There are 2 protein chains.
Amino acid sequence: MKKEHDIRYELSAKKLKITPQRVKVLEAIYEMDNHPTTENVIDYVRKSDPNISAGTVYNILEVLVKNDLIKKVKTEKDVMRYDGMTENHHHLYCKQCDYIEDYTNSELDKILKDYFEQNKIDNFIIDEIKLSISGNFVIHKNKNH
Amino acid sequence: MKKEHDIRYELSAKKLKITPQRVKVLEAIYEMDNHPTTENVIDYVRKSDPNISAGTVYNILEVLVKNDLIKKVKTEKDVMRYDGMTENHHHLYCKQCDYIEDYTNSELDKILKDYFEQNKIDNFIIDEIKLSISGNFVIHKNKNH
DNA sequence: ATCCCAATTACGAATAATTCTTATATAAGA
DNA sequence: TCTTATATAAGAATTATTCGTAATTGGGAT
Ligand SMILES: [Mn+2]
Ligand SMILES: [Mn+2]
Ligand SMILES: [Zn+2]
Ligand SMILES: [Zn+2]
């Protein structure tokens, strides 16, 4: 059950020019789903648009991030990964491979929100709390996703 | 109140050769404290050892991470940052600059631990939970650390 | 429908970050 | 003190990303 996206609408809502390259990059991120790297995006898009320039993909990803259409994902690797899910959510990190799964839990969000309302952090105003939960997926023991 | 480190002991406890370069790199991370980049470490170490090779610093950082003497820090930037605090803790990310502050809260850790004991995640065994809390430090409004 | 132009893209060069290769040096155990 | 497996220095090679510039184009204006 993947969320439906009206890519052209999303771009125009941000007053971004609708170009074939932008549409394809955004489409790629939504289709691939699992937090792709820039390289993943380039490879994917080139399947339908073999001549797209790598520089263009870098540019577009930056534009999309600046306009909150996608997000950067924190990892311990030095390659950047992107996320088409812009609603606040958490991540499960596989300790055995580089798989990252989305984790949404509004009950937990509420617990945290309430906790920090009661227990403010000195000199710090919280904007967003994200959990990085690392562990092991039992399904794929010693096997990559 | 910085934690005292017996660097030579820490290295030998991991059966690592005690070399001046390793001692200085680890020392640098502890002294600088705030989650330095590789470049930060190189610059710092070169103040006392101007001829240390960049490649050597990269090697050493990798060795230290593998041996759990330091940790990598997740950020949205593509430069890696390192952390001399190996005990589990959370991070406050400044939205205005690249400052990262350690945040330790065992009460909160307990709340999370209890929560997930009651509410297991399907097919996933949690190893470690870290909060990435982003927001604003009131002290240095529109001013970098 | 056509025109226009600021915005975007393609391309390749430039830069930056990291890894690799190999000769030399050295920590630490015998 | 000797020995040797391990670590370092130096720089080349690779990889990732950014930059400069000329050509192209989306979409508003006419
Ligand atoms: Mn996600
Ligand atoms: Mn830390
Ligand atoms: Zn996995
Ligand atoms: Zn700051």
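Note that this is a predicted model, so its numbers are computed, not measured. Residue numbering restarts at 1 for every chain, and letters A, B, ... go by the order of the sequence lines.
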### Query
Choosing from C:dA10, D:dT8, D:dA9, which nucleotide comes nearest the side chain of B:S53?
D:dA9
### Task
Please report, rounded to the nearest Å, how far the C1' atom of D:dT6 is from the NZ atom of B:K15.
16 Å
### Task
Select from B:G55 and B:L16 the residue whose nearest nucleotide in DNA chain D is closer to the 5' end of that strand.
B:L16
### Task
Can you figure out which of C:dT26, D:dT8, C:dT9 approaches the side chain of B:T19 most closely?
D:dT8
### Summary
Checking D:dT8, D:dG27, C:dT9 against the side chain of A:T56 (C-beta onward), the nearest is C:dT9
### Task
Tell me which nucleotide among C:dA10, D:dA7, D:dG26 gets nearest to the side chain of A:K17.
D:dG26
### Query
Just checking, A:K74 and B:Y93: is the charged tip under 6.0 Å from the six-membered ring centre and within 45° of the axis?
yes
### Task
State whether A:K71 and A:E128 are salt-bridged, where the test is any N-O pair (Lys NZ or Arg NE/NH1/NH2 against Asp/Glu carboxylate O) under 4.0 Å.
yes
### Query
Okay, side chain of A:S106, backbone of A:D109: is any donor-acceptor separation there less than 3.5 Å?
no
### Query
For A:I52 and C:dT8, what is the distance between atoms CD1 and C1' respectively, to the nearest whole Å?
11 Å
### Task
Take atom CD1 of A:I60 and atom P of D:dT25, then tell me their distance rounded to the nearest Å.
14 Å
### Summary
Of D:dG26, D:dA9, C:dA10, the nucleotide closest to the side chain of A:Q21 is C:dA10
#### Entry: d(CG, A:D49; C1', C:dC11) in whole Å
14 Å
### Query
Taking OP1 and OP2 of C:dT18, is either one under 4.0 Å from a side-chain nitrogen or oxygen of B:Y58?
yes
### Query
Charged N to carboxylate O below 4.0 Å: is that the case for A:K113 and A:E117?
yes
### Gap between atoms CG and P, on B:N59 and C:dC20 respectively (whole Å)
10 Å
#### Entry: Whole-Å distance separating the CD atom of A:E62 from the P atom of C:dA7
16 Å
### Query
Taking the side chain from A:N105 and the backbone from A:E107, do they hold a donor-acceptor pair closer than 3.5 Å?
yes
#### Entry: A:L64 CG - C:dA7 C1' separation (whole Å)
15 Å
### Message
Measure OH/B:Y82 against C1'/C:dA17 and give the value in whole Å, please.
### Response
11 Å
